Amino acid sequence: MSKKALRIGWIGAGRMGYEMALRLAKAGCDLTVYNRTRAKAEPLAKYGVKIAGKVSELAVCDVVFCMVSTYTDVKAVVAGKGGLLSPTGKAARTVKRRAPRILIECSSISLEGSAELREILKAHGTELLAAPVSGNAKVIKAGKLSFVCSGPRAVFDEVAPLLKLIAPAASYVGEGELARIVKICHNVLLGITIQALCEITILAQKAGVPRHAFLEFINQSVMGSVFSRYKTPALVNLDFKVTFTPTLLRKDIDLGLDAGRRFEVPLPLASVTRDLIQSMMGAGMTEQDFSTLLVQQARASGIEIKPENVPVSDGLA
Ligand SMILES: NC(=O)c1ccc[n+]([C@@H]2O[C@H](COP(=O)([O-])OP(=O)(O)OC[C@H]3O[C@@H](n4cnc5c(N)ncnc54)[C@H](OP(=O)(O)O)[C@@H]3O)[C@@H](O)[C@H]2O)c1
């Protein structure tokens, strides 16, 4: 599949969608982007991207990516009134194709939602590749994002060159909605891991170890990871600019707990973590990064934390 010959559509220019679409644009793809709040997509125009005023304008594309928030949003934007599948104007007059051939759906959504979406798309002759991702906007910029994909193998093979333009790693895990459960498991681990990092960092601090010194050791130890390193600036210097909202993390842990019920798997650590995220949100901490769990942990430990103002690497450069 030649990237230039393909008309590519993109739905959702939020934190993730913007950076992902930008990589396609920089690679020279023929790209049209729709975002509900048009102003967020407009900066992409200087990279040759066409900005669509309506999502239905993307119906004439060959391949459309979707990166919005929840399954309710995916359904609204794809199958809702005026959505991708109800083209109007020029797109409706294009007799040959009124729906894209392939939808690559990247939002973190449930297995059930994804299966329903596949059925809806099938009725329009559109194939679905479930393709959620691991990494935040900075990770995308650093060229370190990864996709986990499921759906028809032939579709994955066909679009793999496009995925590679966005992320160096794209794993295919099987048919149907399997990628969704992999992503849900991944984000349950993400939630548990950030809470664990916050707990031990505050324990070390209260015992007298500066956070930067503690995390320098953890990052170099066998327990260090890409994640612990890129969260270090937040934990040391309290840089809580949003990478991922508490609301979206709570959504993903809820998806994990739902899956645990469906498959009869106890998830004790996920349950506790979910309640801790809920406590933080109930206390009004919703607008900053999910790593504000550190602040909640400090309060629960009777200490007040301040930025250490020590230069620390996020390991992504
Ligand atoms: N941030 C991360 O680190 C991260 C990492 C991996 C996966 N994810 C997943 O990726 C998805 C996007 O996350 P994000 O951080 O990019 O979120 P975000 O910054 O809040 O962006 C959400 C995007 O969805 C659009 N949207 C939401 N509801 C919509 C609706 N009903 N109709 C049309 N458009 C709608 C928003 O449009 P407006 O601009 O108009 O609001 C925006 O473009 C989520 O499923 C999230 O769980 C996030």
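One is the number of the first residue; the rest follow in order along the sequence. Only a predicted model underlies this, so the values are computations on that prediction, with no experimental measurement involved. Just follow the structure's listing: the first ligand is 1, and inside any ligand the first atom is 1.
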- Query: Looking at A13, which atoms of ligand 1 are within less than 4.0 Å of one of its heavy atoms?
  - Reply: 43 (O)

- Task: May I ask you to decide whether D30 forms a salt bridge with K50, counting only side-chain N to carboxylate O separations under 4.0 Å?
- Result: yes

- Query: For ligand 1, is G135 a contact, meaning one of its heavy atoms is under 4.0 Å away?
  - Reply: yes

- Counting from 1, what ligand 1 atoms have a heavy atom of K183 closer than 4.0 Å? 6 (C), 7 (C)

- Which atoms of ligand 1 have any heavy atom of G12 under 4.0 Å away? 43 (O)

- Task: Ignoring hydrogens and angles, state whether a donor on the side chain of N187 or S108 is under 3.5 Å from an acceptor on the partner side chain.
- Result: no

- Tell me, do I200 and F214 make a side-chain contact under 4.5 Å, heavy atoms counted? yes

- Message: Taking distance alone, with N or O pairs closer than 3.5 Å, would you say A76 contacts ligand 1?
- Response: no

- Task: Enumerate the atoms of ligand 1 whose separation from the nearest heavy atom of K251 is less than 4.0 angstrom.
- Result: 44 (C), 45 (O), 46 (C), 47 (O)

- Message: At less than 4.0 angstrom from any non-hydrogen atom of N136, what atoms of ligand 1 do you find?
- Response: 3 (O)

- Query: With a 4.5 Å limit on heavy-atom distance, are the side chains of E116 and E112 in contact?
  - Reply: no

- Taking only heavy atoms of K40 into account, list the atoms of ligand 1 that are under 4.0 Å away from them. 38 (P), 39 (O), 41 (O)

- Heavy atoms only: which of M67, K138, R36 is nearest to atom 10 (O) of ligand 1? M67

- Note on the structure: Counting from 1 in the order shown, the ligand 1 atoms closer than 4.0 Å to a non-hydrogen atom of G14 are 16 (O), 19 (O), 21 (O), 42 (C), 43 (O)

- Select the closest option to atom 28 (N) of ligand 1 among T247, I11, L255, D73, judged by heavy-atom distance. D73

- Return yes or no for this condition: an N or O of Y34 is under 3.5 Å from an N or O of ligand 1. no

- Task: Could you list which atoms of ligand 1 come closer than 4.0 Å to a heavy atom of M16?
- Result: 1 (N), 2 (C), 3 (O), 4 (C), 5 (C), 6 (C), 13 (O), 14 (P), 15 (O), 16 (O), 48 (C)

- Would a 4.5 Å heavy-atom cut-off, applied to side chains only, mark K144 and V139 as touching? yes

